[in-house]
Asker: 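Okay, here's the structure, questions in a sec.
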Amino acid sequence: MISHRDNNTQRIAALDERAEALKLKRGMGIADARAMHPSIDVVEADPEADRRLLEGLADWCDRYTPLVAIDAEDGLFLDVTGCTHLFGGERAMQDEILTRFFQQGFDVRAGLASTPGAAWAAARFHGDRIVTGGEEKALLSPLPLSALRIAPETRTGLESVGLRTAGAVMAAPRAPLARRFGTTLLLRLDQALGRLDEAVSPRLPVAPLSVERHLAEPVMLTDDIERLVNRLAIALKTDLERRGEGARTLALLLFRVDGAVSRIAVGTSRPMREPRLIQRLFHERLTALEQTIDAGFGFDLVRLSVLSVAAFDLVQGDLAGEADDDEADIALFADRVRARLGEAAVLKPVVVESHLPERAVKTVPFAEAPQRRAPAAGRATPRTAPPMTVYPPERPVRLFRSPEPIEVPATEIPEGPPMNFRWRRALYRVARAEGPERIAAEWWRQLPGEEEAPTRDYYRIEDSEGRRYWLYRQGLYGSAPQAATPRWFMHGVFA
């Protein structure tokens, strides 16, 4: 038996057939159960482990339909509309599901109907039944009120007025039921009978494109999986070309014969549909996960899904049929590194609208960085006057993450560059200096009541040995009667 704590009392949460034969029931106190049968075995419930197990079973059920939803703590909803013919019909599909679950060691009840409510009742109260369209009322009529999936307090209220079955509720006038017990009762009833639609919300998004291969002999080797990826990618390419799109995120699902499912996803920085390139990405990913993927007795179903797509821009090739696209080569290299080492392995600097050096650039994952787009073919570019050349200010090769304080003993003039400075316990003599480049604080980022950040004067400095630095003075001399003495900082090095 499985126990759980309810209002400081240990009660029975679940029990097997042998415990049911001993006249024990759910909700009974553990103390009363032990008084009746002292030799019973009781295990404390582990909701997190039960949830993980149920999610694992839901992953395995993806082999039948991508629309799988979790129902409460011990159930699954499968929307198999349009999928049953792939498995030989409704009865053959349901028998296969039950048989496979039984082989995995699970005692499962299943019901199939045209509405989720009727299927739920068939599974919970019949165990193995297929309800054809129009038989929902005959199925529900003899069943208890719990078959309608209503709250316990609503069931108690209905039983207090003599309505103890679903058929009795269906025969009662609707208006008095709605006034006394609320509209949820009638909503559940109409959903079960098919008068109102009830959507099944899948736990995972449905891929716009998927191809799969059922294998007569399970595969275990990584090389075999990669060859299957190439074949599946060839099948995907036709659909992607027809839609004028390329894949941005792909997922490889490996269904093991004993029920475990491995999901392997890769992302691309540019839309992709070439099977050879897709195989390369999964080769890197499979190599990185080789020690963590357990093939067990092999995989009998392999599925390749496109989770996200984007418009595919064709590139004009040369006479040899090859396109000179250096950015595509860089993107493929970055994608392969990310597939092997993770998303944070390759970062790209992106310009930010800020004139403060430490805020002007940030690094983002390569796939999230904006891509340059070529102008659309056939679109005329208006002729305008040639723009005036504006050279951006020179910036150091290496910019420190945080400016480092330096000591400046003297300057030629109060607002001029230093004659020498001490940095990291070493003294440097200034041979040449250029500046200042004045950068004021970003006042629009200043919070109410916050003191305004001081102005910076940047200088490009070359010492007596030819090394070049980028340093600045924070604050101005004599800007206020009681102003603090300006401080100096090293912000980067040029060479």
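The figures that follow rest on heavy atoms only: side chains count, while hydrogens, waters and symmetry mates do not. Every value quoted in this text rests on a predicted model; they were computed, and no experiment measured them.
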Asker: Start with the C-alpha distance between L304 and L209, add both sets of side-chain angles, then the distance that settles side-chain contact (heavy atoms from CB on, under 4.5 Å), and finish with yes or no.
Answerer: CA-CA 9 Å; L304 183 62; L209 289 175; over 6 Å; no
Asker: Could you tell me whether E48 and R51 have a side-chain N and a carboxylate O separated by less than 4.0 Å?
Answerer: no
Asker: Looking at every non-hydrogen atom in both residues, tell me the closest pair between D294 and F299 and how far apart they are.
Answerer: O-CZ, 4.1 Å
Asker: Search all heavy atoms of R359 against all heavy atoms of S354 and return the closest pair with its distance.
Answerer: CB-OG, 3.4 Å
Asker: Is the closest side-chain heavy-atom distance between R188 and L196 below 4.5 Å?
Answerer: no
Asker: Name all residues meeting the ring-ring contact (aromatic ring centres under 6.0 Å, His included) criterion together with F125; count only those two or more places apart in sequence or in a different chain, and write none if there are none.
Answerer: none
Asker: Does any N or O in the side chain of R195 come within less than 3.5 Å of the main-chain N or O of D190, such that one atom is a donor and the other an acceptor?
Answerer: no
Asker: Would you kindly say whether E198 and T115 are connected by a side-chain donor-acceptor distance under 3.5 Å?
Answerer: no
Asker: Apply side-chain hydrogen bond (donor to acceptor under 3.5 Å, both in side chains) to T249 and list each qualifying residue two or more places apart in sequence or on a separate chain.
Answerer: S308
Asker: For a salt bridge (Lys or Arg N to Asp or Glu O under 4.0 Å) check, start with the C-alpha distance between R100 and E96, then their side-chain angles and the critical distance, and finish with the verdict.
Answerer: CA-CA 6 Å; R100 283 179 172 267; E96 179 182 340; 3.3 Å; yes
Asker: Looking at L307, is its backbone amide N or carbonyl O close enough to the side chain of S305 to form a donor-acceptor pair, meaning the two atoms are under 3.5 Å apart?
Answerer: no
Asker: Quick one: does M36's side chain get under 4.5 Å of L24's, heavy atoms only?
Answerer: yes
Asker: Pick out which of R248, R243, R242 makes a salt bridge (charged side-chain N to carboxylate O under 4.0 Å, His left out) with E245.
Answerer: R243
Asker: Does some side-chain heavy atom of E226 sit less than 4.5 Å from a side-chain heavy atom of L286?
Answerer: yes
Asker: Under 4.5 Å between any side-chain heavy atoms of R280 and R336, yes or no?
Answerer: yes
Asker: What distance do L112 atom CG and L78 atom CG have between them, rounded to the nearest 0.5 Å?
Answerer: 9.5 Å
Asker: T287 and E284: side-chain donor and acceptor closer than 3.5 Å?
Answerer: no
Asker: For S3 and Q10, which I'm curious about, is there any donor-acceptor pair between the side chains at under 3.5 Å?
Answerer: yes
Asker: So do the side chains of T154 and R180 get within less than 4.5 Å of each other, counting heavy atoms only?
Answerer: no
Asker: Working to the nearest 0.5 angstrom, can you tell me the gap between E90 CD and H85 NE2?
Answerer: 12.5 Å
Asker: Any side chain to side chain donor-acceptor pair (under 3.5 Å) pairs touching residues 13-38, not counting sequence neighbours?
Answerer: none
Asker: With a 4.0 Å cut-off on N to O distance, would you call D335 and R340 a salt bridge?
Answerer: no
Asker: Give a yes or no on whether a salt bridge exists between D71 and R149, defined as a side-chain N under 4.0 angstrom from a carboxylate O.
Answerer: no
Asker: Which residues satisfy the ring-ring contact (aromatic ring centres under 6.0 Å, His included) test with W443, sequence neighbours excluded?
Answerer: none
Asker: Does I278 form a side-chain contact (heavy atoms from CB on, under 4.5 Å) with L250? I'd like the steps, not just the answer.
Answerer: CA-CA 9 Å; I278 294 175; L250 299 109; 4.1 Å; yes
Asker: Could you walk me through whether Q103 and T99 pass the side-chain contact (heavy atoms from CB on, under 4.5 Å) test, one step at a time?
Answerer: CA-CA 6 Å; Q103 293 172 349; T99 301; 3.6 Å; yes
Asker: Step by step, would you call R63 with E212 a salt bridge (Lys or Arg N to Asp or Glu O under 4.0 Å)?
Answerer: CA-CA 9 Å; R63 66 169 52 232; E212 62 183 35; over 6 Å; no
Asker: Given side chains that start at C-beta, do those of L143 and T165 come closer than 4.5 Å, heavy atoms only?
Answerer: no
Asker: Counting C-beta onward and ignoring hydrogens, is there a side-chain heavy-atom pair between L253 and I264 closer than 4.5 Å?
Answerer: no
Asker: side-chain hydrogen bond (donor to acceptor under 3.5 Å, both in side chains) for T132 and E135? Distances and angles first, verdict last.
Answerer: CA-CA 6 Å; T132 58; E135 293 184 353; 3.0 Å; yes
Asker: Once rounded to the nearest 0.5 Å, what's the spacing between atom CG of L67 and atom OG1 of T81?
Answerer: 8.0 Å
Asker: Would you name the heavy atoms of A339 and L281 that are closest together and state the gap between them?
Answerer: CB-O, 3.7 Å
Asker: Report the distance from atom CD of E55 to atom CG of L204, rounding to the nearest 0.5 Å.
Answerer: 9.0 Å
Asker: If you draw the axis of the six-membered ring of F312, does the NZ or CZ of R273 fall within 45° of it and under 6.0 Å from the ring centre?
Answerer: yes
Asker: Give me the atom names and distance for the closest heavy-atom approach of R109 to A123.
Answerer: CB-O, 3.2 Å
Asker: Provide the closest heavy-atom pair for S114 versus E136 in the form atom of the first, atom of the second, distance.
Answerer: OG-OE2, 2.6 Å
Asker: Using modelled atom types and a 3.5 Å cut-off, is there a donor and acceptor pairing between side-chain atoms of T268 and backbone atoms of A247?
Answerer: yes
Asker: Test of understanding: with ring-ring contact (aromatic ring centres under 6.0 Å, His included), list the residues that count as partners of H214, not counting sequence neighbours.
Answerer: none
Asker: Between F77 and C61, does the side-chain contact (heavy atoms from CB on, under 4.5 Å) criterion hold? Intermediate values first, please.
Answerer: CA-CA 10 Å; F77 272 123; C61 288; over 6 Å; no
Asker: Does a salt bridge link R227 with D223, judged by any charged N lying under 4.0 Å from a carboxylate O?
Answerer: no
Asker: Mind running salt bridge (Lys or Arg N to Asp or Glu O under 4.0 Å) on D59 and R203 for me, showing each step along the way?
Answerer: CA-CA 10 Å; D59 287 339; R203 54 185 293 267; 2.6 Å; yes
Asker: Where does the angle between the aromatic ring planes of Y64 and F87 fall among parallel (under 30°), tilted (30 to 60°) and perpendicular (over 60°)?
Answerer: tilted
Asker: Any side-chain to backbone donor/acceptor pair from T292 onto L289? Under 3.5 Å, distance only.
Answerer: yes
Asker: Go through the structure and list residues passing ring-ring contact (aromatic ring centres under 6.0 Å, His included) with F255, not counting sequence neighbours.
Answerer: none
Asker: Any side-chain heavy atom of I330 sitting closer than 4.5 Å to one from F366?
Answerer: yes
Asker: Supply the atom-to-atom distance M220 CE to R256 CZ, rounded to the nearest 0.5 angstrom.
Answerer: 9.5 Å
Asker: Hey, are R213 and D300 close enough for a salt bridge, meaning a charged N less than 4.0 Å from a carboxylate O?
Answerer: no
Asker: Starting at CG of L252, measure out to CZ of R303 and round the result to the nearest 0.5 Å.
Answerer: 11.0 Å
Asker: Classify the side-chain pair D128/Q94 by whether it contains a donor and acceptor separated by less than 3.5 Å.
Answerer: yes
Asker: What pair of heavy atoms forms the shortest contact from A453 to A441, and how long is it?
Answerer: O-CB, 3.5 Å
